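So the structure is just underneath, and the comments pick up after that.
Numbered from 1 within each chain, the chains take letters A, B, ... in sequence-line order. Since this is a predicted model, take the numbers as computed values, not measurements.
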2 protein chains.
Amino acid sequence: MTKHNILTPGVFVNTVIFQLINEELSVLLTQREDEPYKERWALPGGPVPLDESTQIAASRIINNKTGIQIKQLGFLEQLYTFDSIKNDPGVPAVSVVYMGLGKSITPKATSHNRNAQFYPLDQIPTLAFDHNNMIEYAHQRLKSKLYYTNAIFALLPKMFTLSQLQTVYETVMEDKFDKRNFRKKILSFNLINATDEQHMEGAHRPARLYKFNKHELEYLTRSFE
Amino acid sequence: MTKHNILTPGVFVNTVIFQLINEELSVLLTQREDEPYKERWALPGGPVPLDESTQIAASRIINNKTGIQIKQLGFLEQLYTFDSIKNDPGVPAVSVVYMGLGKSITPKATSHNRNAQFYPLDQIPTLAFDHNNMIEYAHQRLKSKLYYTNAIFALLPKMFTLSQLQTVYETVMEDKFDKRNFRKKILSFNLINATDEQHMEGAHRPARLYKFNKHELEYLTRSFE
DNA sequence: ACAAAAGTGTTAAGAATACACCCATGT
DNA sequence: ACATGGGTGTATTCTTAACACTTTTGT
């Protein structure tokens, strides 16, 4: 006898993987192969088998459907659990959604999937289920995480210029900052160190390259902006 | 044909309801009636039926097991979804945990439950499943919510003194504040208004009573402390 | 020489911190 | 009159915000 004897919803995971592409915040989507919503774009996801935790299932499914390894992501954390919406086709379900951040990752076609690609946030089509909501929720969460953590490291390459860093903040937070104040503040957090390398590009003064001194999530000593 | 054909874990909800009792942060627990962990104290919870959302199930279960109405709580929000731990008895499951805040609420014995009571955080016994972890997680979340929201309103009575308010902050945040600075800051947030009533008690000067001007969750304009 | 992005400093206003005494009441 | 908790102000430091010009490079 198990501890319950009533039927409960199915358990699924979905993942919202963000990456910057051409200075645009983009989300990894896959095209569904099966009904319901066959052919529709959707967040990578699937059912959670009995012998996997939701996080393990999320990692495996990302890899199966997009060829992306979890190690390529700066982090992956649980975002929220969504109930299936009223008029959705399919069985009643909950979807445990994970959010991840990465950089320079490219989905590969796999045996389980025809199509996987990053879509810029403002070009996302109408997705299966309530996946559009999930993305919006994830974007909000990401914004707030940038206020009180160093999460941004996961979106940037190993070395970057201060201007690039500022642009990433501005893109994700959908805001603009003063260049001098931004530099003063970001340096005061001691998250990044100057290297003695420079980035030369275009007909202008070269920019000094910086790198993060931590590559794990940490809380900031005070909030950003 | 449904959209999946593999078995997934069972879906449960649990709730962490906080309340202050004698200036101690306390959590609502119920004593289990069934195996596994029969007789053990646990967070109120149960399986989610197919026709309920997790939030509705959480509300119903709190009411069934403790006699508390959801309307008595200042708020109830989803906290985190826990996978059942490896060596737990019972079927594989996920537990969607909700956190709620209340004041002056008293559990009533109901037909579904023998025992429900608030335990101060530092007197909580070893609970069923990993419910002790869930409480710790909820306490952390509550602390951070006090930094950036007005959530504290949900723990205080309609009218309160500034000293009471400070004590509540100190209790939940496990910290101490300077009285003058605390008052300056809390007033600068415009969350509370002075009333012209006073609280007289004990052999000392009576204290002015204040009330919150909002009773819904809001974000603070800057962070507290 | 010019265009383009990199880099840099000061001032003013607001917020946080540290800190000590008087006030109103009951006994 | 004394014990108890309520109530109040100032000075210092730190943080934020506003703001404009010089530097280095490629063409």
Please write out each protein N/O paired with an N/O of nucleotides 3-7 of chain D under 3.5 Å, distance rounded to 0.1 Å.
from	atom 1	to	atom 2	distance (Å)
D/dT4	O2	B/A203	O	2.6
D/dG6	OP1	B/S163	OG	3.0
D/dG6	OP2	B/S163	OG	3.0
D/dG6	O3'	B/P206	O	3.3
D/dG6	N7	B/K179	NZ	3.3
D/dG7	OP1	B/R208	N	2.6
D/dG7	OP2	B/R183	NH1	3.3
D/dG7	N7	B/K179	NZ	2.6
D/dG7	O6	B/K179	NZ	3.4

- request: Any chance you could list the contact pattern along nucleotides 11-19 of chain D? Use B for base contacts, S for sugar-phosphate-only contacts and - for none, protein heavy atoms under 4.0 Å, 5' to 3'.
  value: ----SSBBB
- request: Walk me through it: do A/E39 and A/R32 pass the test salt bridge (Lys or Arg N to Asp or Glu O under 4.0 Å)?
  value: CA-CA 5 Å; A/E39 311 286 325; A/R32 287 180 61 81; over 6 Å; no
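A salt bridge is absent between B/E197 and B/R208; no separation between the charged side-chain nitrogens and carboxylate oxygens falls under 4.0 Å.
Expressed to the nearest 0.5 Å, how far CZ of A/F18 lies from CG of A/L25 amounts to 5.5 Å.
Atom pair A/F182:CZ and C/dT8:P shows a separation of 14 Å (rounding to whole Å applied). As rounded to whole Å, 17 Å separates atom P of C/dA4 from atom NE2 of A/H199. A/F160 has its CZ atom 16 Å from the C1' atom of C/dA6, to the nearest Å.
Annotation: side chain of A/L217 is in contact with side chain of A/E77 (closest heavy-atom distance under 4.5 Å).
For the residue pair A/Q117 and A/P107, the shortest heavy atom distance occurs at CA-CG, 4.0 Å.
Of the residues listed (B/L28, B/I17, B/N63), the one engaging B/I68 in a side-chain contact (heavy atoms from CB on, under 4.5 Å) is B/L28, and it is the only one.
With the end axes of the helix from C/dA1-D/dT27 to C/dT27-D/dA1 each set by five pairs, the angle from one to the other reads 10° at 10° resolution.
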